[in-house]
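Notes for the one structure printed next.
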Amino acid sequence: MSRRDDPQEMDRMRAWLERAAAVLEVDAQVVLDREADLLKLASYTARNTSRPGTPLTAFLVGLAAGKADPSEMSNIAADKIQLLIEEIEEHYMEESE
């Protein structure tokens, strides 16, 4: 049985990915072109290995795709992660949080 995600939620996800990609100065289309596979990987990881490991697995995929020196990539990623945290805090968090 296949599951269909809410079209509005999917549109919201894609809008966030576009914004996050702009903040990170990367091409969002790379992710959007692989949307189904990335979501499948995340689903499989969360349900079958470890829910907390899901974002870390996605990060590992990014490291592998980037083929960058891990020590350099870690520092760059830390800066970019902070940029995204600030973006979420500024534009996406509810005021009650």
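The shown structure was predicted, so the numbers you read here are calculated from the model rather than taken from an experiment. Quick note: residue numbers are just sequence positions, from 1.
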Look at Arg14 together with Asp11 and state whether they make a salt bridge at an N to O cut-off of under 4.0 Å.
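Salt bridge between Arg14 and Asp11, a charged N being under 4.0 Å from a carboxylate O: yes.
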More than 12 heavy atoms from other groups under 6.0 Å of CD on Gln8
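Atom CD in Gln8 is not packed in, count stays at 12 or less.
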Looking at Glu25, I want to see if its CD is surrounded by more than 12 non-hydrogen atoms of other residues, nucleotides or ligands under 6.0 Å.
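Open.
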Of the non-hydrogen atoms in Asp27 and Ala21, which two are nearest, and what is the gap between them?
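Taking Asp27 first and Ala21 second, the nearest heavy atoms are C-CB, 4.4 Å.
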State, to 0.1 Å, how close Glu87 and Tyr92 come at their nearest heavy-atom pair, and which atoms those are.
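Nearest pair, atom of Glu87 first, then Tyr92: O-CD1, 3.9 Å.
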Kindly compute the distance separating [atom1] ([X]) from [atom2] ([Y]), expressed to the nearest 0.5 Å.
X	Y	atom1	atom2	value
Thr45	Leu41	OG1	CG	4.0 Å
Leu17	Gln29	CG	CD	10.5 Å
Leu24	Asp79	CG	CG	11.0 Å

Linked, directly or transitively: Leu38 and Val26 (ILVMFWY side chains, under 4.5 Å):
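In one cluster with Leu38: Val26, yes.
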Is Leu56 linked to Leu84 within one hydrophobic cluster, defined over Ile, Leu, Val, Met, Phe, Trp and Tyr using a side-chain heavy-atom separation of less than 4.5 Å?
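Cluster IDs for Leu56 and Leu84 differ.
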Under the ring pair (Phe, Tyr, Trp, His ring centres under 6.0 Å) definition, can you give me all pairs with a residue in residues 26-47, not counting sequence neighbours?
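Applying ring pair (Phe, Tyr, Trp, His ring centres under 6.0 Å) to every pair that reaches into residues 26-47, excluding sequence neighbours, yields nothing.
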Main-chain N/O of Arg47 paired with Arg51 side-chain donor or acceptor, under 3.5 Å
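Not confirmed, Arg51 side chain does not pair with Arg47 backbone.
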So if I apply the side-chain contact (heavy atoms from CB on, under 4.5 Å) rule between Met13 and each of Leu39, Asp6, Leu32, which one comes out positive?
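Single side-chain contact (heavy atoms from CB on, under 4.5 Å) partner of Met13 among Leu39, Asp6, Leu32: Leu39.
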